[in-house]
Amino acid sequence: VWRKELPRLYNETLSLKRLKTDIPYSIDIMGKILSYIQKNHGRRDNLWYARYHSTTRRYKHAYAGRVKRNIPKSNVELA
């Protein structure tokens, strides 16, 4: 999905090779995608960050649960 969306949103092509080998590049792309998701879904979906993984309810909630377990509560406040 993001291979088609990224050029449309940011006028930037997605390099699959760089995603696998260039850590700063992959973090930058992930940040752009998460920023877009938060901007468009953050107000009405308190699990907006889980949309990065899946938009289906079942998998989104499973992913959100894993994220909450792996992030210390003192660092980040998740819904």
Side-chain angles (χ1 to χ4, degrees):
V1 171
W2 292 108
R3 285 182 77 179
K4 292 180 181 179
E5 286 294 309
L6 207 64
R8 186 181 69 81
L9 296 171
Y10 297 105
N11 199 22
E12 181 176 345
T13 58
L14 187 63
S15 169
L16 296 180
K17 183 178 180 181
R18 282 187 71 195
L19 277 176
K20 295 175 185 176
T21 59
D22 186 351
I23 292 173
Y25 173 77
S26 60
I27 291 172
D28 182 55
I29 295 297
M30 181 180 61
K32 288 179 181 180
I33 292 170
L34 286 171
S35 293
Y36 173 79
I37 292 171
Q38 182 183 29
K39 183 175 74 174
N40 289 292
H41 301 285
R43 291 184 182 211
R44 62 184 180 273
D45 184 359
N46 62 354
L47 297 176
W48 63 267
Y49 55 90
R51 286 179 176 262
Y52 180 77
H53 179 68
S54 178
T55 57
T56 61
R57 176 171 283 212
R58 177 181 170 202
Y59 292 114
K60 186 171 83 169
H61 285 282
Y63 180 73
R66 289 186 196 108
V67 168
K68 287 180 182 180
R69 280 195 306 268
N70 290 309
I71 295 179
K73 293 182 180 185
S74 61
N75 291 342
V76 177
E77 182 64 38
L78 298 175

Review item, side-chain donor-acceptor pairs of residues 34-44, under 3.5 Å, at least two apart:
from  : atom 1 : to    : atom 2 : distance (Å)
Ser35 : OG     : Gly31 : O      : 2.9
Asn40 : ND2    : Tyr36 : O      : 2.9
His41 : ND1    : Arg44 : NH2    : 3.4
Arg44 : NH1    : Asn40 : O      : 3.1
Arg44 : NH2    : Asn40 : O      : 3.2

One should read off an interatomic distance between Ile29 CD1 and Leu14 CG, to the nearest 0.5 angstrom, of 6.0 Å
Hits for side chain to side chain contact (heavy atoms under 4.5 Å, CB included) against Asp22, two or more places apart or cross-chain, chain-then-number order -> Arg18, Pro24, Tyr25
When rounded to the nearest 0.5 Å, the distance separating CG of Asp28 from CD1 of Ile23 is 13.5 Å
